[in-house]
S.K.: 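This is the structure I want to talk about, given as structure tokens.
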Amino acid sequence: MEYSPRKMQNLLEDKEFRLKKKFGQNFIIDENIINNIVEKSKLDDTTLVIEIGPGAGSLTYKLSQSAKQVLCYEIDTTLKDVLAETLKKCSNVDILFQDFLKADVVEDLKKYEYDKVFVIANLPYYITTPIILKIIEDQLPVDKIVVMVQKEVGDRFKAVPGTKDYNSLSVYLQCFYEVNKLMDVSRNVFLPKPNVDSIIVELKRKKESLPFRDPALFFQLVRDSFGQKRKNLRNNLTNYPLDKVEEVLKRHNMDLNVRAEALSLEIFIEIAKEIGGNI
Ligand code: SAM
């Protein structure tokens with residue numbers, strides 16, 4: 001029997017499943033949106049898809065038809081029966097019932113063979129930023145990310161220096177990924193209907209190799225620079241060799257009184273190189 005979001009709603013009722021706000025559960029109930037996400041992701045049968053939060057499995061079911069393998073992380077164990085029913089014919093889907101933020105994804109991936117890894121998900125909005133930071137900081141081998149996010153958060157992905165949306169996430173993303181908005185999504189396609197607007201964004205891994213051999217210092221520097229929002233670099237980077245930081249800033253007509261929001265990705269990279277040698 002073909003799966004459909006309408007059947008998903010009936011299934012949720014049959015299994016007496018209660019949607020949980022604390023897990024950011026807003027399930028997609030519009031098949032067009034699901035088809036759009038899968039089509040725009042341009043996955044093929046060599047792709048392993050990581051889905052964070054399969055929910056009732058609407059998107060998972062469609063992904064399994066195009067991908068080589070789908071590996072899901074779902075925190076809510078009360079979805080086991082629902083997912084078993086939705087995905088009973090999908091032999092290429094594995095679901096790990098655990099918190100994605102605590103998962104050892106690199107280890108989990110060792111079980112599989114694949115050419116590419118895509119992350120495709122309707123993300124739980126309360127942890128969008130930690131999820132993206134984990135993908136980048138754990139250096140997961142992800143070629144492309146296609147995710148539904150809250151519109152305001154999506155705007156932050158593309159934010160430029162000097163704007164209120166610019167933060168450590170913008171710097172990381174722009175260092176490693178090319179950010180594209182794919183489409184706006186109406187609130188009416190979710191159950192329950194959220195109070196925010198959503199967009200689907202695509203993050204494509206940049207082709208050129210990273211400017212560092214070991215990005216750990218760069219991550220730490222960016223995180224610490226934005227540490228206390230109102231503080232300038234002199235106060236946020238007390239544990240760093242400030243003379244070296246200042247040397248780079250001078251080249252850009254800035255000094256240690258500047259705040260992280262004013263620094264471009266290129267300046268962060270320059271500072272990381274200056275303080276870390278040839279990192
Ligand atoms: N993919 C489904 C859909 O589009 O209909 C559900 C999306 S819903 C917005 C987010 C899903 O993420 C829920 O199923 C929720 O239980 C799950 N979730 C929340 N926090 C999680 C976490 N830390 N790790 C894994 N899954 C999580």
Side-chain angles (χ1 to χ4, degrees), residues 3-13 15 17-41 43 49-67 70-87 90 93-105 108 118-135 137-138 140 145-154 182-183 185-201:
Y3 169 81
S4 82
R6 168 61 51 201
K7 286 188 191 119
M8 181 260 281
Q9 277 174 278
N10 293 339
L11 179 63
L12 292 179
E13 274 169 35
K15 303 276 181 196
F17 176 77
R18 299 269 165 275
L19 287 151
K20 298 175 194 66
K21 207 174 170 185
K22 68 170 178 176
F23 290 145
Q25 290 179 345
N26 297 96
F27 292 177
I28 303 175
I29 47 166
D30 182 330
E31 199 160 14
N32 290 327
I33 294 295
I34 291 169
N35 291 339
N36 254 309
I37 295 175
V38 178
E39 273 161 32
K40 288 181 192 291
S41 301
L43 59 149
V49 174
I50 297 175
E51 188 191 5
I52 300 147
S58 347
L59 179 58
T60 325
Y61 180 89
K62 271 278 176 226
L63 290 170
S64 83
Q65 294 178 327
S66 309
V70 186
L71 171 62
C72 303
Y73 293 87
E74 174 54 66
I75 199 167
D76 186 357
T77 50
T78 69
L79 280 164
K80 272 185 186 170
D81 282 357
V82 174
L83 283 166
E85 179 67 30
T86 314
L87 304 172
C90 305
V93 177
D94 285 334
I95 301 175
L96 302 176
F97 284 93
Q98 64 182 98
D99 181 346
F100 175 75
L101 295 178
K102 296 189 181 140
D104 186 345
V105 182
D108 296 339
F118 289 5
V119 169
I120 303 178
N122 169 19
L123 289 180
Y125 291 176
Y126 74 107
I127 46 167
T128 300
T129 300
I131 288 173
I132 304 280
L133 288 179
K134 177 184 171 78
I135 294 170
E137 292 186 348
D138 286 3
L140 303 185
I145 304 172
V146 176
V147 276
M148 176 103 72
V149 295
Q150 186 180 333
K151 189 179 175 311
E152 284 71 25
V153 178
L182 294 182
M183 61 185 286
V185 177
S186 151
R187 308 171 182 209
N188 297 323
V189 308
F190 299 98
L191 178 77
K193 185 166 147 179
N195 297 325
V196 293
D197 291 318
S198 300
I199 56 172
I200 300 172
V201 286

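Nothing here was measured: the structure is a model prediction, and the numbers come from that model. Each residue takes its place number in the sequence, starting with 1. All ligand and atom numbering here is 1-based and tracks the order in the structure.
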S.K.: Find all atoms of ligand 1 within a distance of less than 4.0 Å from any non-hydrogen atom belonging to Gly24, and give their numbers and elements.
M.R.: 8 (S), 9 (C), 10 (C)
S.K.: Considering the heavy atoms of Glu51, write down every atom of ligand 1 situated less than 4.0 Å from one of them.
M.R.: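 Selected atoms, number and element: 1 (N).
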S.K.: What are the atoms of ligand 1, with element, lying closer than 4.0 Å to any heavy atom of Gln25?
M.R.: 13 (C), 15 (C), 16 (O)
S.K.: For atom 17 (C) of ligand 1, state which one of Lys20, Lys22, Glu74 supplies the nearest heavy atom.
M.R.: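 Looking at heavy atoms only, the winner is Glu74.
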S.K.: Please determine if Ile28 has a nitrogen or oxygen closer than 3.5 Å to a nitrogen or oxygen of ligand 1.
M.R.: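 So ligand 1 has an N or O lying under 3.5 Å from an N or O of Ile28.
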S.K.: Below 4.0 angstrom from a heavy atom of Leu123, which ligand 1 atoms are there? Numbered from 1 as shown, please.
M.R.: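 Once the distances to Leu123 are compared, the set is 9 (C).
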S.K.: Taking a cutoff of less than 4.0 Å between a non-hydrogen atom of the residue and any ligand atom, is Asn26 in contact with ligand 1?
M.R.: yes
S.K.: In ligand 1, which numbered atoms sit nearer than 4.0 Å to a non-hydrogen atom of Asp99?
M.R.: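 Those qualifying, in numeric order: 22 (C), 23 (N), 24 (N).
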S.K.: Atoms of ligand 1 less than 4.0 Å from Pro54 heavy atoms?
M.R.: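 Result: 1 (N), 2 (C).
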S.K.: One pair to check against side-chain contact (heavy atoms from CB on, under 4.5 Å): Phe190 and Ile29. What are the steps and the verdict?
M.R.: CA-CA 6 Å; Phe190 299 98; Ile29 47 166; 5.8 Å; no
S.K.: Using a distance-only test with no angle check, is there a side-chain donor-acceptor pair under 3.5 angstrom linking Tyr125 and Asn26?
M.R.: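 No donor-acceptor contact under 3.5 Å links the two side chains.
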S.K.: Measuring from atom CD of Glu74 to atom CG of Leu79, what distance do you get when rounded to the nearest 0.5 angstrom?
M.R.: 5.0 Å
S.K.: Return yes when atom CG of Asp104 has more than 12 non-hydrogen atoms of other residues, nucleotides or ligands closer than 6.0 Å, and no otherwise.
M.R.: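 More than 12 within 6.0 Å, yes.
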S.K.: Return the option from Ile120, Ile37, Ile75 holding the heavy atom at the smallest distance from atom 18 (N) of ligand 1.
M.R.: Ile75
S.K.: Heavy atom of Tyr126 under 4.0 Å from ligand 1?
M.R.: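 Tyr126: in contact with ligand 1 (<4.0 Å).
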S.K.: Taking the six-membered ring for Trp, are Phe17 and Phe27 parallel (under 30°), tilted (30 to 60°) or perpendicular (over 60°)?
M.R.: parallel
S.K.: Using distance only, find each side-chain donor-acceptor pair of residues 94-103 under 3.5 Å and give its atom names and separation, not counting sequence neighbours.
M.R.:
unit_1 : atom_1 : unit_2 : atom_2 : d
Asp94  : OD2    : Tyr112 : OH     : 2.5
Asp99  : OD1    : Leu101 : N      : 2.8

S.K.: Between Ser66 (side chain only) and Leu43 (backbone N and O only), is there a donor and an acceptor less than 3.5 Å apart?
M.R.: no
S.K.: If the cut-off is 4.0 Å to any non-hydrogen atom of Gln98, which atoms of ligand 1 fall inside it?
M.R.: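 It comes down to these atoms of ligand 1: 24 (N), 25 (C).
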S.K.: Out of all atoms in ligand 1, which are within 4.0 Å of some heavy atom of Tyr73? Include the element for each.
M.R.: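 Once the distances to Tyr73 are compared, the set is 25 (C), 26 (N).
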S.K.: Under 3.5 Å between any N/O of Phe100 and any N/O of ligand 1: does that happen in this structure?
M.R.: yes
S.K.: Apply side-chain contact (heavy atoms from CB on, under 4.5 Å) to residues Ile37 and Lys62 and explain how you reach the verdict.
M.R.: CA-CA 10 Å; Ile37 295 175; Lys62 271 278 176 226; over 6 Å; no
S.K.: The criterion is side chain to side chain donor-acceptor pair (under 3.5 Å); which residues satisfy it with Lys151, sequence neighbours excluded?
M.R.: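 Counting only residues at least two positions away or on another chain, Lys151 forms a side chain to side chain donor-acceptor pair (under 3.5 Å) with Asp155.
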S.K.: Please determine if Asp76 has a nitrogen or oxygen closer than 3.5 Å to a nitrogen or oxygen of ligand 1.
M.R.: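 No: no nitrogen or oxygen of Asp76 is under 3.5 Å from one in ligand 1.
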S.K.: Looking at CE of Met183 and CD1 of Ile199, how far apart are the two atoms once the value is rounded to the nearest 0.5 Å?
M.R.: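 With rounding to 0.5 Å, CE (Met183) is 11.0 Å from CD1 (Ile199).
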